[in-house]
Amino acid sequence: MCGIIGYLGGREATPILMESLKRLEYRGYDSAGVAVLEQPTAGQAIRTSVTKSEAKVDMLIEKLEANMPSGKLGIGHTRWATHGKPTYINAHPHTDCHGKIFVVHNGIIENFAELKAELEAEGHEFPSETDTEVVPHLIEKYYKGDFLAAVRAALKRIKGAYALAMFSSEDPELLVGARLNAPLVVGLGEKEYYIASDITAIIPYTKRVLVLGEGEVAAVTPLGAEVSTLDGVTVKSKVVHVDWDVAQAQKGGYDHFMLKEIHESDDAVANAMRGRLTDDGSVSFREFDVPDEQLRDITDVLLLGMGTSLHAAMIGEYVIEDWAGIPARAEDASEFRYRRPTVGNKTLDVVITQSGETADTLVALHQARERGALSVAVTNVIASSAARDADGAIYLHSGPEIGVASTKTLLAHTVSLFLLALRLASVNGRVSLERRQELVEALRALPEQVRMLLEREEEIFALADKYSGYRNFMYAGRGLGYTVALEGALKLKEISYVHAEGTSGGLLKHGPIALLDEQFPVVAICTVSATKDKMVSNVHEIVARNAPVLALVTEGDRSLDGVATDVFVMPAVEEAASVILNTVMLQLFAYRIGVKLGQDVDQPRNLAKSVTVE
Ligand code: G6P
């Protein structure tokens with residue numbers, strides 16, 4: 001998975017590529033590069049300047065600042081290695097045998113080995129270990145004076161996933177983009193155009209984007225952008241207006257995107273509810289406008305996601321069962337796709353993916369759809385693959401999330417799933433009007449409660465500082481608190497590289513407890529729930545093994561005073577609302593430990609924001 005950018009217009013391309021690559025770094029950041037078609041000076045042949053770095057974008061920028069190529073057309077890439085290590089040679093852009101065709105790529109070319117063998121037999125040479133390199137060589141093979149025709153012919157041979165930006169020095173006024181199973185947008189500026197993996201890269205320059213469909217090619221010239229299929233049939237693409245601003249995509253005064261985004265949680269929670277909820281608990285989703293009768297027919301709900309989104313799926317499972325009384329199950333999408341799924345045409349398939357591009361989640365969505373399930377994507381990215389491929393979408397409206405580890409979007413996912421559960425519960429009459437009204441009240445109070453919790457940041461940071469010396473953590477909870485425990489542990493390990501695992505309170509005795517001693521603290525979720533007393537018993541068992549305990553408790557509950565090593569007091573709220581508050585607390589706790597240990601919390605090692613390959 002990588003970030004790609006292309007520019008064609010009247011301005012110098014290099015500074016634009018540099019800035020855009022910085023904003024795309026969250027997609028991958030192990031190496032980077034640009035190719036700029038330089039303006040020929042009198043009497044000289046046109047030439048392309050290629051600059052690469054085998055480290056993060058900052059090193060590329062240093063090189064470019066020292067030696068800035070001048071030209072109005074260029075492409076750039078920030079890489080997350082799939083084929084071949086992050087080395088200078090493997091960094092994009094890649095080129096053909098004659099150094100005329102330049103390509104940046106996100107995705108995986110599944111048949112690259114056979115294509116490479118074919119091309120090598122014809123005399124092409126491949127210095128890199130990448131799959132991408134077959135693309136410029138294939139284009140070269142088919143090039144007969146028409147670059148676009150050669151691109152189409154080459155792409156017809158490729159299997160797998162690609163988002164590409166390409167140009168040829170033979171055709172200095174043409175920038176080409178193409179996509180299949182990987183995201184790509186075309187930004188439309190004033191007589192200038194951009195090709196980018198996503199909108200975040202180009203919002204300082206334009207808010208008008210054209211979203212390419214699967215297997216489509218965009219030919220960008222100074223006259224405009226034309227979209228067509230691989231067969232050359234013109235496509236009328238929709239222009240989308242994006243309302244994000246530049247400031248939203250920047251750090252806004254915080255030390256890290258992660259911290260800034262945690263501080264946007266109150267807005268994220270509010271935005272996920274905005275315009276969707278009435279006082280009596282009726283819910284409507286504009287882009288998932290399914291009649292009551294159809295929802296009443298639903299026999300089961302399948303929730304799919306990966307990483308943090310899988311934890312959101314588990315939250316959805318609990319509340320859909322509890323409120324709507326419909327059998328629900330949350331599944332790891334990467335496992336689901338290889339099972340024999342028991343999904344029918346009365347199943348509601350809910351795919352949870354903030355990026356809308358996670359490969360495993362998309363395949364699982366396609367499989368559920370093939371079996372006739374009604375599907376809805378809960379996603380933050382408008383016109384993302386999940387949103388387009390599902391029958392409907394519930395958009396989070398959280399604004400861009402740059403920190404690799406999801407934070408505010410989890411909270412928006414959670415609220416969206418609460419709304420979906422309420423919607424299902426109100427059509428099948430499982431929840432009384434009074435109960436629905438209580439839930440509405442609890443949900444509406446949430447943004448303010450989150451704000452008040454965020455104001456207690458210093459208190460949370462002090463606890464994190466106290467616990468930051470431990471190398472192992474256990475997180476334990478029951479019911480919805482179990483999902484919080486799993487997510488708390490995931491967040492900590494992702495950004496601090498400290499070992500952490502989540503367990504249910506019940507499972508604790510069946511193995512994990514063997515690990516506990518005075519060097520192995522436990523974060524225990526003991527806020528209000530039907531199983532709170534059982535968690536309190538768990539804490540006693542943990543304390544008896546000498547493990548330090550940090551317990552999250554509800555105000556007024558003194559049952560762990562003098563028992564837990566530390567207690568963090570939460571306001572008395574509905575159990576569902578406590579999931580949101582507990583999660584925010586544990587995000588700040590993990591953030592502080594990560595920072596304290598000197599880790600790059602926005603871009604943790606080995607991780608990427610959206611995993612668009614299997
Ligand atoms: C990656 C990210 C996680 C995220 C997961 C699913 O692993 O590092 O933070 O939860 O992908 O992403 P999605 O975009 O599908 O929610």
Side-chain angles (χ1 to χ4, degrees), residues 1-3 25-30 80 82 106 181-183 197-200 256-258 261-262 268 272 303-316 330-337 349-366 376-390 393-396 398-414 416-417 483 486-497 502 583 586-587 590-591 594 599-614:
M1 166 185 14
C2 312
E25 251 192 321
Y26 74 91
R27 295 185 61 83
Y29 39 77
D30 56 34
W80 186 77
T82 54
N106 167 38
N181 302 321
S197 294
D198 66 40
I199 290 153
T200 317
H256 299 95
F257 282 113
M258 182 178 179
E261 286 158 3
I262 295 173
L303 300 110
L304 297 164
M306 295 302 293
T308 290
S309 292
L310 175 58
H311 297 150
M314 290 178 69
I315 297 168
E331 299 280 355
D332 167 333
S334 70
E335 283 297 311
F336 175 85
R337 63 185 283 189
D349 177 28
V350 185
V351 289
I352 296 148
T353 164
Q354 78 78 24
S355 64
E357 304 295 345
T358 298
D360 285 317
T361 308
L362 289 177
V363 174
L365 162 67
H366 298 156
V376 59
V378 189
T379 181
N380 195 29
V381 181
I382 293 176
S384 57
S385 300
R388 282 185 290 117
D389 294 352
I394 299 175
Y395 288 119
L396 304 183
S398 297
E401 186 176 72
I402 306 292
V404 163
S406 289
T407 53
K408 64 174 176 175
T409 56
L410 168 62
L411 306 171
H413 268 140
T414 304
S416 304
L417 292 165
T483 66
L486 290 174
E487 176 61 15
L490 176 64
K491 209 71 344 176
L492 184 66
K493 72 183 134 195
E494 276 181 311
I495 60 167
S496 69
Y497 320 144
T583 301
L586 294 182
Q587 287 172 349
Y591 165 80
Q599 314 303 8
D600 184 350
V601 294
D602 280 340
Q603 294 183 342
R605 69 185 182 201
N606 306 338
L607 299 179
K609 183 70 186 162
S610 84
V611 181
T612 53
V613 294
E614 190 177 351

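These numbers were taken from a predicted model, which means no experiment stands behind them. Hydrogens, waters and symmetry mates are skipped; everything else that's a heavy atom, side chains included, is used. Every number for a ligand or one of its atoms is a count from 1 in the order of the listing.
Of the N and O atoms on the side chains of Thr308 and Glu487, at least one donor lies less than 3.5 Å from an acceptor on the other residue. A donor-acceptor pair shorter than 3.5 Å cannot be found between the side chains of Lys491 and Ser406. Checking Thr358 against Asp360 by side-chain atom types alone, no donor-acceptor pair falls below 3.5 Å.
Within ligand 1, counting atoms from 1 as listed, the ones closer than 4.0 Å to a heavy atom of Thr308 are 10 (O). Residue contact check: Ser309 has heavy atoms under 4.0 Å from atoms 10 (O), 13 (P), 16 (O) of ligand 1.
Checking only distances, His413 never comes within under 3.5 Å of ligand 1, N or O to N or O. Considering backbone and side-chain N/O atoms, Val404 comes within less than 3.5 Å of an N/O atom of ligand 1.
A heavy-atom separation below 4.0 Å is found between Ala608 and ligand 1. Contact analysis leaves Thr361 out of contact with ligand 1, as no non-hydrogen atom separation drops below 4.0 angstrom.
Put simply, CE on Met306 and CD on Glu335 are 8.5 Å apart, with the number rounded to the nearest 0.5 Å. With rounding to the nearest 0.5 angstrom, the CD1 atom of Ile394 is 9.5 Å from the NE2 atom of His413.
Residue contacts with ligand 1, taken as heavy atom pairs separated by less than 4.0 Å, do not involve Leu607 at all.
Nearest heavy-atom pair, Thr379 versus Ser384, reported as atom, atom and distance to 0.1 Å: OG1-OG, 3.6 Å. Residues Ala313 and Leu303 come closest through the heavy atom pair CB-CB, 3.8 Å.
Counting protein heavy atoms only, atom 14 (O) of ligand 1 is closest to Ser355 OG, 2.6 Å.
Scanning Thr358, Leu304, Thr379 for the heavy atom closest to atom 13 (P) of ligand 1 points to Thr358.
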